[in-house]
Amino acid sequence: MSQTKNHIQNGSCPVYKKCGGCQLQNLSYPEQLRFKQSKVIKLLKGFGRVQPIIGMDNPYHYRNKVQAAFFTNRQGRIVSGVYQSGTHHIVGIDSCQIEDVLADKIIVAVRKLLPSFRLTTYNEDTGKGFLRHVLVKRGFATNEVMLVLVTGSAIFPSKNHFVKEIVKQFPQITTVVQNVNPYRTNLVLGDKQTVLYGSGTIEDILCGCRFRISPKSFYQINPVQTEILYNKAMEYADLKGNETVLDAYCGIGTIGIVAAKRGAGQVIGVELNGDAVRDAKQNAKANGLQNIRFYKGDAGAFMQAVAEEGEHLDVVMMDPPRAGSSVPFLNALIQLSPETVVYISCNPETLARDLHYLQRHSNYRVRSIQPVDMFPHTAHVESVVLMSRVGSRQ
Ligand code: SAH
């Protein structure tokens with residue numbers, strides 16, 4: 001990234017303070033990387049050497065998933081934007097330096113269309129009104145775009161005309177979904193969904209594999225850095241061709257599918273979210289893989305069942321959410337005793353907690369730690385860690 005661009009954009013966001021989403025915008029990008037590197041070192045240095053963090057060449061507009069909340073202000077004007085960090089207050093924005101540019105444009109266009117279709121915004125206090133949120137997901141490699149309209153009720157007057165109009169303005173949109181969320185909840189998406197246009201899913205390509213993405217299933221939000229992260233995870237897994245690999249917390253199966261494609265003997269994936277598991281199964285098929293199976297369930301309970309059946313695993317790749325893994329999972333991991341464990345984490349605090357547990361209760365030791373900047377301008381940092389048993393490797 002050129003210094004000029006960095007200089008111009010650095011801290012230039014007009015809602016930097018109000019929004020609070022980009023906690024590090026006051027720092028230049030090289031300073032942000034140094035900040036993250038020292039955070040990881042501080043938390044993990046006791047376990048092993050921390051490699052230099054891998055940053056982005058262009059750390060802007062990297063988010064492939066953009067979400068906007070809608071409301072009508074006291075002057076009767078419709079506002080769309082993001083929640084102020086840690087609050088329920090919406091900060092009106094039309095564009096954001098870390099979000100996909102096209103996604104932002106689509107959200108503004110939806111907002112501008114609402115009055116002419118006499119569509120209202122949802123009012124959280126009364127529970128009345130129509131549009132709550134708009135979610136846009138874009139496959140950067142395929143250019144497919146999904147528009148999800150989250151509404152307070154199922155009734156969507158002149159929906160066909162609305163969809164026709166927005167698709168006319170943005171032919172890049174390949175599918176439109178209505179998600180109904182009538183609940184008084186902080187969750188963006190409700191349970192019921194209707195496909196209004198296209199297939200209801202989009203596809204993206206990562207590490208040469210195609211992935212189907214549903215409105216609700218987790219997909220990494222920075223695909224450029226995800227490829228770097230997965231390649232590092234595969235390097236750590238060091239697959240020779242006949243290993244049994246477990247992809248725990250597998251989402252739509254991305255890591256397991258890349259592992260299967262790169263020569264794993266067989267792969268098992270486990271994931272709590274049913275939609276993601278459905279996508280994972282479909283993704284395995286679409287990539288022509290027969291040596292991979294996916295299960296829906298809690299990763300900890302699943303690992304315990306695998307351990308009780310006395311099955312053998314060579315490599316466990318685990319990628320839990322921010323809360324980290326669980327004691328039942330880690331205990332079963334110790335019992336199963338795979339040769340190699342690759343732990344991918346989006347939260348170095350819970351990572352440190354889990355590594356500490358493994359170090360105390362087993363002879364697993366950390367061999368390498370690689371931080372990757374998946375979320376430039378925010379304080380978040382991703383790490384991938386290689387572990388193996390004492391005496392088994394290196
Ligand atoms: N490995 C995937 C997803 C990582 S995000 C990828 O790289 O895209 C973490 C995933 O863990 C989410 O899909 C979430 O639904 C899932 N998850 C959360 N708690 C879980 C649990 N207890 N058991 C299994 N999966 C869980």
Side-chain angles (χ1 to χ4, degrees), residues 62-65 137 139-141 187-189 191 201-207 209-234 236-237 245-262 264 267-284 287 292-307 315-333 341-347 350-351 354 370 372 374-375 380-385:
Y62 58 83
R63 277 196 75 106
N64 59 6
K65 172 186 154 187
K137 291 187 177 189
F140 279 8
L187 293 179
V188 172
L189 296 175
D191 303 326
T201 59
I202 54 162
E203 286 193 344
D204 198 17
I205 300 167
L206 274 183
C207 302
C209 302
R210 280 189 94 84
F211 295 106
R212 183 176 91 166
I213 304 153
S214 295
K216 278 185 160 182
S217 52
F218 177 91
Y219 184 64
Q220 297 282 354
I221 56 102
N222 183 341
V224 172
Q225 292 300 87
T226 301
E227 285 206 328
I228 291 170
L229 180 80
Y230 285 0
N231 282 335
K232 186 48 81 174
M234 292 305 145
Y236 283 172
V245 177
L246 179 81
D247 177 7
Y249 310 89
C250 70
I252 59 169
T254 43
I255 294 172
I257 286 169
V258 174
K261 217 47 192 242
R262 302 242 177 124
V267 178
I268 306 163
V270 60
E271 160 64 44
L272 200 55
N273 179 312
D275 286 0
V277 173
R278 215 187 45 225
D279 287 349
K281 287 180 178 166
Q282 170 69 30
N283 287 333
N287 287 284
I292 184 159
R293 282 167 292 150
F294 290 101
Y295 297 92
K296 176 183 172 332
D298 168 63
F302 181 81
M303 278 287 272
Q304 285 192 318
V306 174
V315 179
V316 169
M317 305 184 79
M318 53 191 285
D319 185 10
R322 290 189 61 74
S325 191
S326 62
V327 168
F329 183 97
L330 297 173
N331 284 340
L333 180 72
V341 177
V342 180
Y343 191 144
I344 299 170
S345 158
C346 57
N347 183 352
T350 54
L351 173 63
D354 293 347
Q370 177 65 65
V372 179
M374 300 279 282
F375 316 105
H380 299 293
V381 54
E382 191 96 5
S383 312
V384 51
V385 175

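The structure displayed is predicted, hence computed values, not measured ones. All values below come from the heavy atoms of this structure, side chains included, with hydrogens, waters and symmetry mates left out. Counting starts at 1 for both ligands and their atoms, in listed order. Note that the numbering runs from 1 along the sequence shown for the chain.
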Audit row: S217, D279, side-chain hydrogen bond (donor to acceptor under 3.5 Å, both in side chains) steps and yes/no: CA-CA 8 Å; S217 52; D279 287 349; 2.9 Å; yes

Test item: N347 and H380 side chains (from C-beta on) under 4.5 Å apart, heavy atoms: no

Nearest-0.5 Å distance that lies between atom OG1 in T201 and atom CD1 in I252: 10.0 Å

Set of residues satisfying ring pair (Phe, Tyr, Trp, His ring centres under 6.0 Å) with respect to Y249, sequence neighbours excluded: F329

Test ring pair (Phe, Tyr, Trp, His ring centres under 6.0 Å) applied to Y295 - qualifying residues, sequence neighbours left out: F302

Within the protein, residues bringing a heavy atom under 4.0 Å of ligand 1, chain by chain: F218, Q220, Y230, Y249, C250, G251, T254, I255, E271, L272, N273, G297, D298, A299, D319, P321

Contacts of type side-chain hydrogen bond (donor to acceptor under 3.5 Å, both in side chains), residue S383, not counting sequence neighbours: none

